[in-house]
Chemist: 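Sharing a structure here in C-alpha cells format.
Sequence lines set the chain letters: A, B, ... in the order given, protein chains first and strands last, and positions in each chain run from 1.
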Protein chains: 2
Amino acid sequence: MAVAQVRDVAALAGVSPATVSNALNHPAKVSPATLARIQSAIDELGYIRNDAARQLRAGTNRAIGMIVLDIANPFFTDVARGVEDVLIVDQRPLILGNSSQEPRRETNYLDLFEQQRMNGVLITPVANVLDRLRRLRDRGTSVVLVDRMTGAKEFSSVAIDDTMGGRIATEHLLATGRRRIAFIGGPANLTQVSDRLSAARAAVEAHGSGEITFVETEAMNAGAGRIGVEQLLALPAAQRPDAVFAANDLVALGVLQALTLRGIKVPDDIAIVGYDDIDFASSAAIPLSSVRQPAQTMGSTAASLLLDVIADPATSTVQHITLKPELVVRRSTEG
Amino acid sequence: MAVAQVRDVAALAGVSPATVSNALNHPAKVSPATLARIQSAIDELGYIRNDAARQLRAGTNRAIGMIVLDIANPFFTDVARGVEDVLIVDQRPLILGNSSQEPRRETNYLDLFEQQRMNGVLITPVANVLDRLRRLRDRGTSVVLVDRMTGAKEFSSVAIDDTMGGRIATEHLLATGRRRIAFIGGPANLTQVSDRLSAARAAVEAHGSGEITFVETEAMNAGAGRIGVEQLLALPAAQRPDAVFAANDLVALGVLQALTLRGIKVPDDIAIVGYDDIDFASSAAIPLSSVRQPAQTMGSTAASLLLDVIADPATSTVQHITLKPELVVRRSTEG
DNA sequence: CTGAAAGCGCTTACAG
DNA sequence: CTGAAAGCGCTTACAG
C-alpha cells in the first residue's frame, strides 16, 4: 500500500471517513471510544493528513507568511523570534521568506503566499506593494505591516518611532560636542532612512549649530558602512566629520572597521552612533552607542495584531502601534 | 464574483479549463495565439492559481523546507542564504523553520513538511529524527542533512570537518604557549561539540603537555559563554585556564564580555579562540581568532545535492561531502 | 492543438 | 454520535 489515507484509517477503525475527519478537526463531536479507536488506527498506519486536500476543501491555510527584509541582520531575526513566540501558542506554522531588500524576491514571496491562500501575512515591504497587499486582503488574507510603510492607513501596523530615534541620537552627538555629523545609510527612499535623517536635520536646526552631511548607501550592511567611510575620507580635511550617525548597527560596524583600519580614533577623532542595538553592538571593538529598538516586542505585537484581524476581519479596527526607541550610550560616543 | 478561477479565465479566453491549465504548466503544447489570449484573460481577471488544488491533483509540492537550528546565529543564516542562492535559480520556494534547538519545534516543522508533501527537506537535526526522515523519504520527500548527524549514511549530507577544526584551534593555542585550555560549549551530545572536544583532547595528547577542561553549557549563545566563565572563575586560581576554546563564536563573544567585565585581560591572561568566524568575530572588542567554516558554501552545496536527489530519487547515489575549515588568527590569541 | 471527463484526498453540511 | 454524498479547484490522461 502507498501512503495511508483517511479511508484506510476509517476502514481499520471501523468507521466512516467523515468520522475520522471529525475526530481530527472537531473531536468534541466524536465519542471517546471512537476517538480512541481512530487514534490507534492513525498510529498504526502512520497516517499523516494531506494538507493540500485539507486546504482545498476547508478553503483556508492556517499558516502565516512573513517577509523579512534581510535575514542577515540580527534585528530582523529578533523580530521574527517575537512573531514565533506568539504564533507557537496558536500552533500556527510561520513561513519565513527573505526578500534581501530585492523587490523581485519580495514579489515572488507575495505570489507564493497568495497562491497558498494564507490566513495572514506580515511584511516589511521593500517596494511599493500596496496594490498587492490590497488584493491579498480582498482574497481573505489578513495583512499587518511591520516597521515600514505605515503611511498605508488601511492596514494595521507596528513600527518604532524613527523620528524620535533620529532626534535622540543627534541630540546626544550635539550634547557631547560634535558638530559635523555624517549620516550614513540608504537608499534614501526607505522611510526609515528618510525619517531618521529628517529628524537629525531638525535636531541640528533646533540646536542652532552643526550640520548634517548625508552619505547615501545602496544597502544597510557592513560593506555599505565601509564604502561610506571611503566617501567621507575623500572630503577636504576641513569638512571631515567629527561624528557618524549610522542608519543601523551593521553600517556602524562597517564604519568602525574602516576608520580603525585608517588609524582614525573612535571616539576621539570621530564618534559613532548606530541604530537597532543588536547584540553585537555591545561586543564591538569599540562598544557602540546605539538607538535600541524593541525588535522582539515589535514582532510579538505584530503577530498578536494579525491574529486579531484573522479572528474577525470584518469588525476588527485598523490599529497603528508605534513603539519607542531608547538611546544606549557606550564608548563609541564618549570622547 | 469572488476570486477568479480557471473556469473564469477559460470562459473569458474562449477555451476550456484544460487548455488554461496546459498554458500554465505546459506552454509548449498550446498555440501562441491561444497562449496570448489566455494570458490577457489572466491579467484582466487577476487570476492567481490555487496552490492547494494544484498540489492535490499534481501530487507534488515544489517547495523545499529547511529546518534551521538557530536563526539567531549568523552562521545558520549564512547557510540559509547559500541554500536560497541555489533554489532561486530553480524558482523553488524555500520555507524556513527555526527549531531553536528545541526537539518539539523540530518535530512540529517535520509534521508540517510531511503534511505539505514537500519535494525536499534540508535539516540540521536537534534530536534523533532518523525514523522521521526515513518516513519522509519513503513518502517521496528527498532529504539532505546539513552540518549534523552525518553518521546516518543513508542520507546525503554536507558537513564541515569538526575534527580538523578542533585540532587546528587547539594546536594554535598550544603553539602560542597555552597549556590549560577550557573548552566551553554544549550540550555534550551534539556531534559538533563532541567532535571538536575529542579533537582538542587528541591534539593535547599528541603535543605531550597541556590539559583540556570541559565546561558544558546548555546552549550555544552568548549567555552560555557568560555562564561558562562563572564556572571557570569558581575554580582555584592554580587551575584557572590560560585559554578558552569556545564551541562557537556566540559563546566566544559571551566569554569575552564576561572576562572583560571581571578585568581579566584577553589575550594576556586568557586567550580565546572561537568557531564559525561569523562576520561579528572580526569586529569584536578584541577581534576573535576563530575557525572559519564555509557556511554559505555548505548551504549551496546541500541545496544542489538535494535538487539532484529530487531530480532522480531512485538512481542518485548517496553522497557525503565534507568541507574544510580554516583557522583565522586575530588578536584574541596573540598574547 | 484543444476539450470532456475523471479524480486528487479531504471536509462540510445534512440526514438520521 | 455517525455516515452517505457532494464538492473544493485544479491537472491529467485520453480522444479527437
Side-chain angles (χ1 to χ4, degrees), chain A residues 1-39 41-42 45-63 111-112 114-119 139-140, chain B residues 1-39 41-42 45-63 111-112 114-119 139-140:
Chain A
M1 184 182 60
V3 173
Q5 300 184 181
V6 175
R7 64 162 171 266
D8 304 312
V9 174
L12 186 60
V15 296
S16 75
T19 301
V20 174
S21 177
N22 276 330
L24 253 28
N25 300 299
H26 312 283
K29 290 186 173 178
V30 178
S31 77
T34 310
L35 225 43
R37 258 183 310 137
I38 290 172
Q39 187 56 54
I42 286 175
L45 296 172
Y47 170 71
I48 298 275
R49 158 166 70 202
N50 182 323
D51 211 46
R54 207 218 86 248
Q55 258 172 244
L56 175 59
R57 182 60 239 246
T60 174
N61 181 347
R62 282 179 50 78
D111 288 347
L112 177 68
E114 201 165 342
Q115 286 171 195
Q116 312 238 84
R117 310 294 196 258
M118 299 241 176
N119 262 187
R139 287 162 189 256
Chain B
M1 182 182 61
V3 173
Q5 300 184 182
V6 176
R7 63 162 173 266
D8 304 311
V9 173
L12 185 60
V15 296
S16 75
T19 302
V20 173
S21 177
N22 276 329
L24 253 28
N25 299 300
H26 311 283
K29 289 186 176 179
V30 179
S31 77
T34 309
L35 225 44
R37 257 182 313 135
I38 290 173
Q39 188 54 54
I42 286 174
L45 297 172
Y47 170 72
I48 300 274
R49 157 166 67 203
N50 182 323
D51 211 44
R54 206 217 87 249
Q55 260 173 242
L56 175 59
R57 183 60 238 245
T60 174
N61 182 346
R62 280 178 51 77
D111 287 347
L112 178 68
E114 201 165 342
Q115 286 172 196
Q116 312 238 84
R117 310 294 196 256
M118 299 241 177
N119 263 185
R139 286 160 189 259

Chemist: Give me the stems containing DNA chain D, sorted by first residue, counting only three or more consecutive Watson-Crick or G-U pairs with both distances under 3.5 Å; say none if there aren't any.
Modeler: C:1-3 with D:14-16, C:5-12 with D:5-12, C:14-16 with D:1-3
Chemist: With a 4.5 Å limit on heavy-atom distance, are the side chains of Q55(A) and Q116(B) in contact?
Modeler: yes
Chemist: What pairs with R139(A) under side chain to side chain donor-acceptor pair (under 3.5 Å), at least two apart in sequence or on another chain?
Modeler: E114(A)
Chemist: Of all heavy-atom pairs between P17(B) and A10(B), which one has the smallest distance, and what is that distance?
Modeler: N-CB, 3.6 Å
Chemist: Considering only heavy atoms of chain B and a distance under 4.0 Å, specify the first and last nucleotide of DNA chain C in 5' to 3' order that meet this criterion.
Modeler: dC1(C) to dG9(C)
Chemist: Holding to side chain to side chain contact (heavy atoms under 4.5 Å, CB included), I want the full list of residues that pass it with A63(A), two or more places apart in sequence or in another chain.
Modeler: N61(A), P93(A), I95(A), M118(A)
Chemist: For residues 27-38 of chain B, tabulate all N or O donor-acceptor pairs below 3.5 Å that involve a side-chain atom, not counting sequence neighbours.
Modeler:
{"from": "S31(B)", "atom 1": "OG", "to": "T34(B)", "atom 2": "N", "distance (Å)": "3.4"}
{"from": "S31(B)", "atom 1": "OG", "to": "T34(B)", "atom 2": "OG1", "distance (Å)": "2.8"}
{"from": "R37(B)", "atom 1": "NH1", "to": "A13(B)", "atom 2": "O", "distance (Å)": "2.7"}

Chemist: State the CG-CD1 distance between D111(A) and I48(B), to the nearest 0.5 angstrom.
Modeler: 5.5 Å
Chemist: Going by side chain to side chain donor-acceptor pair (under 3.5 Å), name the residues that satisfy it together with R57(B), two or more places apart in sequence or in a different chain.
Modeler: none
Chemist: Quick one: side chain to side chain donor-acceptor pair (under 3.5 Å) partners of R117(B), sequence neighbours excluded?
Modeler: none
Chemist: Are the side chains of L24(B) and I42(B) in contact, using a 4.5 Å heavy-atom criterion?
Modeler: yes
Chemist: Measure the spacing between CD of Q39(A) and OH of Y47(A) and express it to the nearest 0.5 Å.
Modeler: 12.0 Å
Chemist: Under 4.0 Å, heavy atom to any atom of DNA chain D: which of residues 9-25 of chain A qualify?
Modeler: V15(A), S16(A), A18(A), T19(A)
Chemist: With sequence neighbours left out, what residues match D51(B) under side chain to side chain donor-acceptor pair (under 3.5 Å)?
Modeler: R54(B)
Chemist: A53(A) and L56(B): which non-hydrogen atoms are nearest, and at how many Å?
Modeler: CB-CD1, 3.7 Å
Chemist: Quick check on contacts: within residues 47-54 of chain A, what sits under 4.0 Å from DNA chain C by heavy-atom distance?
Modeler: Y47(A), R49(A), N50(A), A53(A), R54(A)
Chemist: Please list residues of residues 26-37 of chain A whose heavy atoms come under 4.0 Å from any atom in DNA chain C, ordered by number; otherwise none.
Modeler: H26(A)
Chemist: Heavy atoms only: give me the nearest D8(A)-V3(A) pair and the separation to one decimal.
Modeler: OD2-O, 4.1 Å
